[in-house]
Amino acid sequence: MKYFFRGKMLLLICGLAGVLSAGCQKDYYADGGLADPHYAGSIYDYLANDPYYFDTITYIIDRAGMKTVLQEDTVTFFSPTDDAIKGAMDDLNSYRYTNLEDSVHLEDISPEVWRYFLSMYILEGKFTANKFPRVDPNNIFSYPGINYVMYDGYVLNIGLIYQDYGGAEAVGARILNLTDITYNPSDFRKDPKVQIATSDIQPLNGVLHVLKNSHVFGFRQGEFKRIAEQYLLLGDPSKSPASAYRKNKNIFR
């Protein structure tokens, strides 16, 4: 699991058995304080400068033609991890293997496909976690969160889940939660959802939140496989992605 900007915790265990009075000396450590969430560059720059965690994400952003969006526009990016992309590609290639088709690589996927999925995770404007309302999937009428229209029109419900602590309700940690409510509008609890692993990284042009590693890219299991495979069957739509999209809008529905 990938974690970023975690607050530093220093645990000092002092003393020998039976000698509880043995003291800790401040000389033993230097407290570095809390991590600074601000980054002197764009969201894209942050991702590109951390290839260990985001090289695949950066590649598909380039492939989708969305570098400028994450470099110049004021946006909030809920970034999937590289492992989420790997999982999506593994799912696609497993399906192709079963159907006696050759494996494909990142560069074989149409730019329009990458753009369609990446746009689900981009929200125009700057939204730190505290800007989102409370959401409770088990009490949605009281705490419904808010439905947000993402970059290319996809709708997600976003809100903060207030966790219980010490037997007291809703006084614990607050975790940012994204739900694909269009999957099953009649039952919020069954809709695909993901929580944030790390929030509020703040580059110059917006906010970066990093999703949990277990997230299914595109929210719906098998959706990336379905759309990517149909595009692959068209031949090579990447030569004219805009034209292919106009001719095959039904693929994305």
Note: I109 and A228 closest approach over all heavy atoms is CD1-CB, 4.2 Å
Would you please classify the geometry between the Y121 ring and the F217 ring as parallel, tilted or perpendicular, with 30° and 60° separating the classes? parallel
Determine, using ring centers only, whether Y143 and Y162 are less than 6.0 Å apart. no
Does OH in Y183 sit with more than 12 non-hydrogen atoms of other residues, nucleotides or ligands closer than 6.0 Å? no
Kindly check if the number of other-residue, nucleotide or ligand heavy atoms within 6.0 Å of OH (Y95) is above 12? no
Any salt bridge between R226 and E223, counting N to O under 4.0 Å? yes
If the condition is side-chain hydrogen bond (donor to acceptor under 3.5 Å, both in side chains), which residues does N147 pass it with, not counting sequence neighbours? N157
Between CG on residue L208 and OG1 on residue T198, distance to nearest 0.5 Å: 9.0 Å
So does D82 pair up with K86, basic N to acidic O under 4.0 Å? no
Would you check if L232 and E101 make a side-chain contact, meaning some heavy-atom pair closer than 4.5 Å? no
Between Y39 and Y46, how do the two ring planes meet: parallel, tilted or perpendicular, split at 30° and 60°? perpendicular
Going by salt bridge (charged side-chain N to carboxylate O under 4.0 Å, His left out), name the pairs with one or both residues in residues 142-151, residues two or more places apart or in two chains. none
Flag yes if more than 12 heavy atoms outside D187 fall under 6.0 Å of its CG atom; otherwise flag no. yes
Between E229 and R96, does any NZ, NE, NH1 or NH2 come within less than 4.0 Å of an OD or OE carboxylate oxygen? yes
Before you tell me yes or no, could you show the steps for D62 and Y44 under side chain to side chain donor-acceptor pair (under 3.5 Å), namely the whole-Å CA-CA distance, both residues' side-chain angles and the distance that decides it to 0.1 Å? CA-CA 10 Å; D62 290 339; Y44 179 87; 2.7 Å; yes
Distance col, row N213:CG vs T81:OG1, nearest 0.5 angstrom, shows 4.0 Å
Which salt bridge (charged side-chain N to carboxylate O under 4.0 Å, His left out) pairs, counting each pair once, include a residue from residues 135-145, with sequence neighbours left out? none
